[in-house]
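Computed from a predicted model, the values in this text were never measured in an experiment.
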Amino acid sequence: MNLARTIRFDESDDNVFHRAAQPGEWAISGGFEFSNWTDDDLAGKSRQAFTNGWLGLDSFGRASLVSVTRIEPAEFEALVKRLAEHFVEIYGAPSVEAALPVSREELNHMQDLCDDQSSNDVLVVYRELTDSGVREQFRSIRATEADLMQVAVHGSIE
């Protein structure tokens, strides 16, 4: 079973999101956060989170990029509970038990998206407001093998 973890190539997420997810957090789309937004809500860092932010499941911060990786079933189940608790704490769900089906649906959606990808593929999300609500589009960037010479530092220790 696959899911995605947040990744960073630089520190830009710290500058573009109100709260940036830390590298390595399990992540989902998190589009539910924007379900009742209007054009008036789309400004500054909130606009950036809306347009292309993945939701990290530790900090509940946003990340621009995620990478597909394997997840163990026990880890997946812990995330379902963690997200349900978030729904109670932040969105006013009546109980964790009541929030569990919605939480599982969110994580299953992300799992379905990731299971169609190869390990280490990078995913990006793009959202837009439409007359019928939030529309999400996903793009996958295939991981390629890099030659060590592309990242090696050459020099002398003297």
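- When side chains are defined from C-beta on, Asn108 does not count as touching Glu105, because their heavy atoms never get closer than 4.5 Å.
- To the nearest 0.5 Å, the span separating NE2 on His18 from OG on Ser46 amounts to 3.5 Å.
- A salt bridge links Lys81 to Glu85: at least one charged side-chain nitrogen sits closer than 4.0 Å to a carboxylate oxygen.
- A parallel orientation is assigned to the rings of His86 and Phe60, their planes being inclined by less than 30° (bins at 30° and 60°).
- The cluster map of Ile, Leu, Val, Met, Phe, Trp and Tyr, joined by side-chain heavy atoms under 4.5 Å apart, puts Phe32 and Val125 in the same cluster.
- With sequence neighbours left out, Lys45 forms a salt bridge (charged side-chain N to carboxylate O under 4.0 Å, His left out) with no residue at all.
- If you check the side chains of Ser64 and Asp13, you find a donor sitting under 3.5 Å from an acceptor.
- Val16 and Leu42 sit in two unconnected hydrophobic clusters of ILVMFWY residues. Membership requires side-chain heavy atoms under 4.5 Å apart, directly or through other members.
- Taking CG of Leu65 as the reference point, atom CZ of Arg5 lies at 16.0 Å (rounded to 0.5 Å).
- Asn2 has its side chain within reach of Arg70: a pair of non-hydrogen atoms, C-beta onward, lies under 4.5 Å apart.
- Looking at heavy atoms from C-beta onward, Leu129 lies in side-chain contact with Val134 at the 4.5 angstrom threshold.
- Note that CD of Gln48 is 10.5 Å distant from CG of Asn15, once rounded to the nearest 0.5 Å.
- Although no hydrogens or angles enter the test, the distance criterion places a donor-acceptor pair under 3.5 Å between the side chain of Asp41 and the main chain of Thr38.
- By the 30° and 60° cut-offs, the orientation of the rings of Phe138 relative to His109 is tilted.
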Would you sort out whether Arg62 and Glu33 count as a salt bridge (Lys or Arg N to Asp or Glu O under 4.0 Å), showing the intermediate values? CA-CA 11 Å; Arg62 293 284 169 171; Glu33 182 177 1; 2.5 Å; yes

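- Ring centers of Phe17 and Trp54: at least 6.0 Å apart, outside the cut-off.
- For the atom pair OG1 of Thr51 and CD of Glu128, the computed distance is 9.5 Å after rounding to the nearest 0.5 Å.
- Residue Ser67 is tested with Ile141, Asn120, Asp121 for a side chain to side chain contact (heavy atoms under 4.5 Å, CB included); the sole match is Asn120.
- The two residues Ala99 and Ala84 come nearest to each other via the heavy atoms CB-O, 3.7 Å.
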Please walk me through it: do Val80 and Leu100 pass side-chain contact (heavy atoms from CB on, under 4.5 Å)? CA-CA 7 Å; Val80 170; Leu100 282 170; 3.8 Å; yes

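- Taking each heavy atom of Ala27 and Thr6 in turn, the nearest pair found is CB-CG2, 3.8 Å.
- Tyr126 and Phe9 fall into different hydrophobic clusters, where Ile, Leu, Val, Met, Phe, Trp and Tyr residues are linked whenever their side-chain heavy atoms come under 4.5 Å apart, directly or through other members.
- In Glu136, the CD atom is crowded: over 12 heavy atoms of neighbouring residues, nucleotides or ligands sit closer than 6.0 Å.
- Criterion: ILVMFWY side-chain heavy atoms under 4.5 Å apart, direct or through other members. Under it, Val66 and Val122 are not part of a common hydrophobic cluster.
- Note that CG of Leu55 is 8.0 Å distant from CZ of Phe34, once rounded to the nearest 0.5 Å.
- No hydrogens or angles considered: nothing links the side chains of Ser59 and Arg19 as a donor-acceptor pair under 3.5 Å.
- Checked by atom type and distance alone, the side chain of Glu25 pairs as donor or acceptor with a backbone atom of Asp58 at under 3.5 Å.
- Side-chain atoms of Leu107 and Leu57, non-hydrogen and from C-beta on, do get closer than 4.5 Å to each other.
- In Glu72, the CD atom is not crowded: 12 or fewer heavy atoms of neighbouring residues, nucleotides or ligands sit closer than 6.0 Å.
- Distance check: Arg104 CZ to Gln111 CD gives 10.0 Å after rounding to the nearest 0.5 Å.
- Side chains of Leu3 and Met110 form a contact here, defined as non-hydrogen atoms less than 4.5 Å apart.
- Arg127 places a side-chain N or O within donor-acceptor distance of the main-chain N or O of Gly53, the cut-off being under 3.5 Å.
- In the hydrophobic cluster analysis, where Ile, Leu, Val, Met, Phe, Trp and Tyr join through side-chain heavy atoms closer than 4.5 angstrom, Val68 is grouped apart from Ile7.
- You'll find the side chain of Gln117 reaches within 4.5 Å of the side chain of Leu123, heavy atoms only.
- Between Ile71 and Leu79, the closest side-chain pair of non-hydrogen atoms falls below 4.5 Å.
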